[in-house]
Amino acid sequence: MAQLSTKIKLYAAANGVASVDFKSDVMLQDDGAGIYIKEWNLNGVSKPIDAQLDALSSQATTLEANNQVIQTRINLYGTTTEQLEYIVENGVDAFVTKQNQIKLDNPKGSE
């Protein structure tokens with residue numbers, strides 16, 4: 001299940017807002033019964049109703065899964081220094097093969 005914050009980011013993006021600050025634009029709260037929008041200060045964009053956010057669940061779930069895959073890939077690629085060392089020690093072709101294998105082993109879903 002997608003996080004409310006991800007759905008809000010997608011809703012905002014669909015309404016022309018590039019980023020959401022969850023300390024000033026939109027404040028979320030969890031009172032034990034679940035997370036909800038406590039305060040909506042996003043100028044020019046009306047506060048979404050639950051149905052609007054629910055409609056973004058599938059897209060939000062895919063985005064979150066892809067972000068997790070991207071983070072896994074970044075960890076496996078190693079630092080820039082480690083990548084350069086690998087190239088020097090093994091050559092560019094071996095490096096490209098290694099990076100492609102990481103992508104094959106960690107595929108993203110459709111976006």
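Because the structure is predicted, anything quoted here is derived from the model rather than measured. We use all heavy atoms of the structure for the numbers below, so side chains are in, but hydrogens, waters and symmetry mates are not.
Taking E85 as the reference, nothing meets the side chain to side chain donor-acceptor pair (under 3.5 Å) condition, with sequence neighbours excluded. Partners of D50 by side chain to side chain donor-acceptor pair (under 3.5 Å), not counting sequence neighbours: none found. Annotation: side chain to side chain donor-acceptor pair (under 3.5 Å) contacts of S57 (sequence neighbours excluded): K7. L63 pairs by the side chain to side chain contact (heavy atoms under 4.5 Å, CB included) definition with T6, L10, N67, not counting sequence neighbours. Qualifying side chain to side chain contact (heavy atoms under 4.5 Å, CB included) partners for T79, counting only residues two or more places apart in sequence or in other chains: T81, E82. Applying the side chain to side chain donor-acceptor pair (under 3.5 Å) rule to D30 yields no partners; only residues at least two apart in sequence or on another chain are considered. Every side chain to side chain contact (heavy atoms under 4.5 Å, CB included) that V92 has, sequence neighbours left out, goes to I87, V96. With sequence neighbours excluded, the residues forming a side chain to side chain contact (heavy atoms under 4.5 Å, CB included) with I49 are A51, Q52, listed by chain and number.
In the hydrophobic clustering, where aliphatic and aromatic side chains (Ile, Leu, Val, Met, Phe, Trp, Tyr) are joined below 4.5 Å either directly or transitively, Y77 groups with L76, I102.
When all heavy atoms of D31 and A33 are compared, the closest pair comes out as OD1-N, 3.1 Å. For the pair V17 and V45, the tightest heavy-atom approach, listed with the atom from each and the gap, is CG2-CG2, 3.5 Å.
Remark: the backbone N or O of P48 is not paired with any side-chain donor or acceptor of W40 at under 3.5 angstrom.
Within the 4.5 Å cutoff, the side chain of R73 has heavy atoms near those of the K108 side chain. Side-chain atoms of V69 and Q71, non-hydrogen and from C-beta on, never get closer than 4.5 Å to each other.
By the criterion of side-chain heavy atoms lying less than 4.5 angstrom apart, applied directly or through intervening Ile, Leu, Val, Met, Phe, Trp or Tyr residues, I37 is grouped together with I35 in one hydrophobic cluster.
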Show every donor-acceptor pair shorter than 3.5 Å between a side-chain atom in residues 21-28 and any protein atom, with sequence neighbours excluded, or say none if there are none.
| residue | atom | partner | partner atom | Å |
| --- | --- | --- | --- | --- |
| D21 | OD1 | K23 | N | 2.7 |
| D21 | OD2 | S24 | OG | 3.3 |
| D25 | OD2 | D21 | N | 2.8 |

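No donor-acceptor contact under 3.5 angstrom links the side chains of E64 and N66, judged on distance only.
From Y11, atom OH reaches atom CG of L42 across 9.0 Å, with rounding to the nearest 0.5 Å.
For residues 95-106, the side-chain hydrogen bond (donor to acceptor under 3.5 Å, both in side chains) pairs, not counting sequence neighbours, are Q101-D105.
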